[in-house]
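Structure first, then comments.
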Amino acid sequence: MGSSAVDKFVQTQNEAMSVKEFKPNLTVSQATDITGRLFGLTVSSVSPLPSYDDQNFHVVSSEGGQYVLKVMNSADSQNLPLLEVQTHTMNFLRQRGLPAQTVVPTVTGQLMSLEEIDCGFWVQKYVVRLLNFIPGTPIMQVTCTPQLLYEVGRTVATMDTILLQMEHPHLRALQRENFIWSLVSVPLLEQFLPVLDGDPLQEVVKKVIEQFKNCVVPKLNSFRKCINHGDFNDQNILVEQDGPSSYRISGILDFGDMSSGYFVFELAITIMYMMIERPRPLAVGAAVLAGWESVIPLNPEERDVLYLLVLSRFCQSLVLARYAVLQQPENEEYLMITARPGAQLLQLLWETGKDEVEKIWYRGAAEFIQNSRKPDRMNN
C-alpha cells in the first residue's frame with residue numbers, strides 16, 4: 001500500500017477517534033437519577049447492558065416493572081427526526097402484532113428527552129428513552145431448528161411488509177446517505193481496508209467490494225424498495241420456549257440501524273447473522289429463505305445477488321469491527337462477537353462459491369416447503 005494511502009487512513013482514523021467520546025458513559029448513579037427524574041420511577045436496581053455505540057441499562061423499579069434505559073450517543077442524538085422515526089416504528093409494529101419494544105413516556109408525556117450530561121469528557125447532549133423490557137433469550141443462545149429459522153425469515157419479511165404502510169412526517173430521515181452499516185455503502189469499506197493488512201482475508205474483501213460495485217450497484221433499480229431494520233441479528237431477536245423442544249420469537253430489538261433500503265438487503269443481513277455459530281451454517285440460508293419467500297418471493301434479479309449480498313455483510317462486519325476495536329479496545333469482546341466467527345464463514349462462503357451455495361439455499365428452501373406440507377410436518 002502506498003504512503004498516500006497510509007496517510008489517508010491515519011487521517012481518517014484520527015478524525016474518528018472522537019467516536020469514543022460520542023459514546024455515553026453514564027455511571028449507575030447518573031442512570032438512576034435520570035430514570036427517577038424523567039420517568040417518575042422509584043428505582044430498585046440498575047445494571048449496565050452490552051452496547052455498541054450507545055449505552056443501555058436494565059432498570060427494575062420498586063413497583064416491579066422492568067425497563068431498558070437507552071442513552072443514545074451524542075452524534076446520533078443530534079438527528080432528532082431520525083430518532084423520532086425509530087421510536088414511532090417500534091410502537092407502530094407493536095400495534096400490528098409484532099413483538100417490538102414500546103417506549104415509556106416521560107412524566108411530561110414525551111417519548112424521548114434530550115439531556116445535557118457530563119460523562120467525563122465534557123457536557124454533551126444525549127437523547128434518553130425508556131423502553132419496556134421484553135423477557136426472552138437471545139436466539140444466539142438456543143439451538144436453531146429449521147422451523148425456528150423459517151420463523152425468523154417469515155417474521156423479518158412480515159416486518160418489512162408492515163413498514164411499507166407506515167407514515168411519519170420525518171420518513172425522509174431514513175435516507176441516510178453514506179450510512180456505513182447500510183449494505184448500499186459496501187464500497188465505502190475501501191477506506192478502512194488497512195485494518196486487514198497482513199490478513200489473507202483482505203484480498204477476499206477487496207474482491208467482494210469490486211463484485212458489489214460491478215454486480216449490485218448497476219442493478220439497484222431492479223430491487224424492490226422498503227424500510228430496512230438493518231440489524232436483524234442473533235442478539236436482537238429474543239425467543240421464548242414454546243413447548244418442550246421448540247421456541248417462538250418473543251422480541252425484536254434495536255432499531256438504531258434503520259434506513260431506506262431494499263427487501264433483498266434485509267434478507268441477506270438476516271441470513272448472514274443466522275449463520276453465526278451454527279453447526280451447519282450453509283444450510284441456514286435455506287430455512288430463512290423459505291420463511292422469507294412465504295411472505296415476499298424474490299424476483300430473478302434479487303435471487304441472483306443474494307449470495308454476493310451475504311458475502312458483503314460479512315465483509316462489513318469484519319472490517320468495521322476491526323476498526324471499532326482500534327477506537328474502543330476495552331470493548332473488544334463485544335465488538336468482535338460476530339466478526340470472529342464471521343471471518344471463518346466469509347472464507348467458507350467464498351471458497352464454496354456462488355453456484356454451490358445457491359444450490360444449497362434455493363433447493364433447500366424448496367425442500368423445506370415441500371416437507372412442511374406433509375402431514376408429519378417437521379418439528380425439529
(Q) Does V71 form a side chain to side chain contact (heavy atoms under 4.5 Å, CB included) with I34? I'd like the steps, not just the answer. (A) CA-CA 10 Å; V71 185; I34 286 175; 5.9 Å; no
Q. Passes side chain to side chain donor-acceptor pair (under 3.5 Å), S250 versus E240? Steps please.
A. CA-CA 6 Å; S250 61; E240 285 187 333; 4.7 Å; no
Q: Would you sort out whether L308 and K354 count as a side chain to side chain contact (heavy atoms under 4.5 Å, CB included), showing the intermediate values?
A: CA-CA 8 Å; L308 179 55; K354 181 176 187 286; over 6 Å; no
Q: Begin from the C-alpha positions of L82 and D76 and carry the test side chain to side chain contact (heavy atoms under 4.5 Å, CB included) through to its verdict.
A: CA-CA 8 Å; L82 176 62; D76 287 345; 5.7 Å; no
(Q) I'd like to know whether R129 forms a side chain to side chain contact (heavy atoms under 4.5 Å, CB included) with Q101, so could you lay out the CA-CA distance, the side-chain angles of the two residues, the decisive distance to 0.1 Å, and finally the verdict. (A) CA-CA 11 Å; R129 289 176 291 184; Q101 289 177 289; over 6 Å; no
Q: Just do the side chain to side chain donor-acceptor pair (under 3.5 Å) check on H229 and E266 with the steps written out, would you?
A: CA-CA 7 Å; H229 175 282; E266 193 87 273; 4.8 Å; no
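No continuous path of ILVMFWY side-chain contacts below 4.5 Å connects L38 to V107, so the two sit in separate hydrophobic clusters. When the side chains of ILVMFWY residues are joined at heavy-atom separations under 4.5 Å, either directly or via intervening members, I271 and L348 end up in a single hydrophobic cluster. Under the 4.5 Å side-chain heavy-atom criterion for ILVMFWY residues, a single connected hydrophobic cluster contains both I252 and W181. No continuous path of hydrophobic side-chain contacts links F133 to V60 [ILVMFWY only; heavy atoms under 4.5 Å]. M272 and L253 fall into different hydrophobic clusters, where Ile, Leu, Val, Met, Phe, Trp and Tyr residues are linked whenever their side-chain heavy atoms come under 4.5 Å apart, directly or through other members.
Residue E167 qualifies as open at atom CD: its count of foreign heavy atoms under 6.0 Å is 12 or below. Other residues, nucleotides and ligands contribute more than 12 heavy atoms inside 6.0 Å of the NZ atom of K219. Annotation: E63, atom CD; neighbour count of heavy atoms from other residues, nucleotides and ligands within 6.0 Å is above 12. Surrounding NZ of K225 are at most 12 heavy atoms belonging to other residues, nucleotides or ligands under 6.0 Å away. More than 12 heavy atoms of other residues, nucleotides or ligands shown are found within 6.0 angstrom of CZ on R37.
Not counting sequence neighbours, the partners of I180 by the side chain to side chain contact (heavy atoms under 4.5 Å, CB included) test are L188, F192, L320.
Partner of T338 under the side chain to side chain contact (heavy atoms under 4.5 Å, CB included) criterion, chosen from I276, L345, L318: I276. Of the options I237, V142, T143, a side chain to side chain contact (heavy atoms under 4.5 Å, CB included) to L148 is made by V142 and by none of the others. Of the options V216, L220, D160, L183, a side chain to side chain contact (heavy atoms under 4.5 Å, CB included) to Y262 is made by L220 and by none of the others.
Between the side chains of N56 and K70, at least one donor-acceptor pair of N or O atoms lies under 3.5 Å. Side chains of T108 and T106: a donor-acceptor N/O pair is present below 3.5 angstrom, by distance only.
Grouping Ile, Leu, Val, Met, Phe, Trp and Tyr by side-chain contacts under 4.5 Å, direct or through others, puts V127 with M72, L80, L83, M112, L114.
Side-chain contact check for R322 versus D199: some heavy-atom pair is nearer than 4.5 Å.
Comment: R176 does not engage D257 in a salt bridge, judged by the lack of any side-chain N to carboxylate O separation of less than 4.0 angstrom. By the 4.0 Å N-to-carboxylate-O rule, R224 lies close enough to E302 to be salt-bridged with it. Under the 4.0 Å criterion applied to side-chain N and carboxylate O atoms, K207 and E210 are not assigned as salt-bridge partners.
Once rounded to the nearest 0.5 Å, the distance linking CG of L196 with OH of Y323 reads 13.0 Å. From L174, atom CG reaches atom CG of L163 across 9.0 Å, with rounding to the nearest 0.5 Å. How far CD of Q147 is from CZ of R154: 9.0 Å, rounded to the nearest 0.5 Å.
In this pair, H88 and H168 present their aromatic rings tilted. The plane angle is within the 30 to 60° band. Using bins of under 30°, 30° to 60° and over 60° for the plane-to-plane angle, the ring pair Y307/W361 lands in the tilted bin.
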